[in-house]
Amino acid sequence: MDHYKVLGLHKTASKEEIKAAFKKLAFQFHPDKHSHSPKVVRDNATLRFKQVSEAYEVLMDDRKRADYNFRSRSTAAGGSSSYYSQYSYGYGRGSSSYQQWSRHQYGGGGGGGGGIASKFELAIRILTARSSLLNLGFAAAILGGIVIIDKSGESLWERQNSGKSFEEAMKSIDKAKAYREDSAKERT
């Protein structure tokens, strides 16, 4: 469900526009207004009222709105479209599951926000995503393997070459090459 479409707004809508759209639609779909309507109409109005209320709740809170915008962009870019359903996000519950998840996620109640704290939270969320952690673990395994191979190569060298260091061996190889070149020049 697109909260902006539910309220009939563009993604750049201001809080005043959100509030005005909510008031208009909440009045139109309020269950008390449809209490004497047929069951189908009443159920449809109740569902629409819940959708409008939920959209208003998410879009009026800066933190929830930023999270929603981030999630909807990643969904449009090929992410999972069932982001909210994995947190039992839906209708017919006493309180919004998104609100419960948000309290769990952010540790506490409301409060607006934007700025550095929310950008930091976003960076932490990205860095602690499963794919980031898997990539980090893979890179650590490769780096660890390189270090182990390098150290084992040095220890094998020292074991085979009776205490000579690698640098000493390279110097002696360079001397041998220089001697071979000098002797080749003398012969010609």
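Just so you know, these numbers use all the heavy atoms, side chains as well, and skip hydrogens, waters and symmetry mates. Since this is a predicted model, take the numbers as computed values, not measurements.
Under a 3.5 Å cut-off, the side chain of S53 and the backbone N or O of K50 do not form any donor-acceptor pair. Side chain of R42 to backbone of S37: a donor-acceptor contact under 3.5 angstrom is found.
Here H10 contributes atom NE2 and E17 contributes atom CD; the two are 10.5 Å apart, rounded to the nearest 0.5 Å. The line from CG of L59 to NZ of K11 is 9.5 Å long, rounded to the nearest 0.5 Å. The CE atom of M60 sits 5.0 Å away from atom NZ of K19, with the distance rounded to the nearest 0.5 Å. The structure places NE2 of H3 at 10.0 Å from CG of N69, a figure rounded to the nearest 0.5 Å.
Summarising the local packing, NZ of K33 is surrounded by more than 12 heavy atoms from other residues, nucleotides or ligands at distances under 6.0 Å. Heavy-atom contacts from other residues, nucleotides or ligands closer than 6.0 Å to NZ of K5 number 12 or fewer.
Ring pair Y4/Y68 is tilted by interplanar angle, where 30° to 60° counts as tilted.
Considering every non-hydrogen atom in both A45 and H34, the closest pair reads CB-CD2, 3.4 Å. In this structure, L25 and L7 approach most closely via the heavy-atom pair CD1-CA, 3.7 Å. Shown here for V6 and M1, the closest heavy-atom pair between the two residues is CG2-CG, 3.6 Å.
A single hydrophobic cluster is seen to contain both I146 and F138, as judged by linkage of ILVMFWY side chains at heavy-atom distances under 4.5 Å, directly or through other members.
Contact check for I18 versus R65: side-chain heavy atoms found under the 4.5 Å cut-off.
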- Query: How far apart are the C-alpha atoms of D67 and R63, what are their side-chain angles, what is the distance that settles it, and do they pass the salt bridge (Lys or Arg N to Asp or Glu O under 4.0 Å) test?
  - Reply: CA-CA 6 Å; D67 187 53; R63 185 177 286 173; over 6 Å; no
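Residue pairs that meet the ring-ring contact (aromatic ring centres under 6.0 Å, His included) test with at least one member in residues 39-66, sequence neighbours left out, are F22-Y56, H30-F49.
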